[in-house]
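Worksheet: one structure, shown below.
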Amino acid sequence: MSSDGNIASARRLPSVDEVLRTGIANAAISEFGRSAVVAAVRDVIADARQAGTGAAAEAVAEDARLLLQAKAVPSLRPVFNLTGTVLHTNLGRALLANAAIEAATDAMRSAVALEFDLEAGKRGDRDDHLRGLLCELAGAEDATIVNNNAAAILLALNTLAKGREAVVSRGELIEIGGAFRMPEIMSRAGTKLVEVGTTNRTHFKDYKAAIGPKTGLLLKVHTSNYRIEGFTSEVSARELAGLAREHGLPLVNDLGSGTLIDLTRFGLKHEPTVAEVVAEGADLVTFSGDKLLGGPQAGFIVGRKELLAQINRNPMKRALRVDKIRMAALEATLKLHRDPDRLAARLPTIRLLARPKVEIEELVGRIAPLLVAKLGAAYQVESVACASQIGSGALPLEIVPSAGIAIRPSASRGQGRALAALGAALRDLPVPVIGRIADNCLMLDLRCLEDEAGFAANLNALDLSEGWDASA
Ligand SMILES: *Cc1c(COP(=O)(O)O)cnc(C)c1O
């Protein structure tokens, strides 16, 4: 019945072949390949037919080209991290040092002696590339490398306390970002959790009373993302090490972020270094590669040789191992730690954390006028003092004085929507800008902004027209 209408609109649509003969389609074919263009053209024609609209061959070709262009944008793309959190887990944590990027790139391009002993001409062990460096920097007997710190803990628990009990303070049963909860990791490792003490106070006698024939290990966990204050008491790593030794049990210390160097030299608060914790008597210490260490995602286990030999025999080790690209980046990153004097110049994580406040303030002074010009009267732009965080659970309460830009909607009504529209427009930029919304304002902490020219050019594309109603 309606066939007349359908035929009429279909008549106004070109065939796939017609579209493919256009110049636009040919340019698209050299960019995206023939089969992708054919499929996109078919999609555009089918959509037009469904909508009952006609179109010229050039218009269909252009729509198909735009479709393919949108699909070609990488899903994982660079952003400006202006959240004020230097090691932001959702934004990929540490930025790698140039030396690490070069080493990783070389490893990607060529065959490497990953598990090949070049001297003996025999099969080698991939951990050999980092073992010496880790032992040197951590003052440990032995070391291994796995996918991340969660994997390091899983592997250590599963190896040393499968079917046995792990004793841990109630004050240290941490959750990190929802997906990592110490009790859940323990149960997946096949370890029975034995909680001792209370949330705020755990004593030596609590640990002592919990030790029995089924105990596999004592576990100490760095309370990375919170601190219990007030009427508190915890047992020091040194005391725990003594207790563990007395009972012939290993003490595992999950340091979380873990730092190989004393942070006070960069004006930050002291955080126990891996070497200090090893020296305090922990039998195994686990820590991350992409937190304060400033490398790619990885987890380290350092400590006593016979325990690491057991860990290396665990079949799970194979499932948790690290590839050549990360091994190369880790080696370069660890080597930088041999020269702490130049670490702030070479390692982005430390460079950003140690960045002088005056430098950030000067940057704010140059960037704020650009925002004023771009945002017009609808928003108020103010240069403010603010506080950066290290992030990823390192020194949770440590605040690093910084400078930033606070943007507030001028109109008193519809502020929430105006802020949301601004946040969306910033995220929609060619290089998305990620700030943080707090107290009715959008805050941009400029600590991590280093590419000033790139930021300014990017800002030119800011378009607030969508979703923004000035009368709201
Ligand atoms: C961050 C953290 C972990 C998890 O480390 P990943 O490298 O993210 O797997 C485990 N324990 C503590 C104490 C942490 O801070």
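For ligands, and for the atoms within them, numbers begin at 1 and follow the listed sequence.
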Those residues at least two apart in sequence (or on a different chain) that pass side-chain hydrogen bond (donor to acceptor under 3.5 Å, both in side chains) with R77 are none
For S288, the ligand 1 atoms with a heavy-atom partner under 4.0 Å come out as 5 (O), 6 (P), 7 (O)
Applying side-chain hydrogen bond (donor to acceptor under 3.5 Å, both in side chains) to R131 and not counting sequence neighbours gives D125, D128, D142
Per-atom filter on ligand 1: closer than 4.0 angstrom to a heavy atom of A150 are 5 (O), 6 (P), 9 (O)
Between E184 and R188 (salt bridge meaning N to carboxylate O under 4.0 Å), is one present in this structure?
no
Step-by-step side-chain contact (heavy atoms from CB on, under 4.5 Å) determination, H270 to D262:
CA-CA 7 Å; H270 181 75; D262 180 4; 3.3 Å; yes
**Request:** Using distance alone, decide if ligand 1 has a nitrogen or oxygen within less than 3.5 Å of any nitrogen or oxygen in H222.
**Result:** no
Closest heavy-atom approach to atom 8 (O) of ligand 1 among M182, R93, Q297, K291 is made by R93
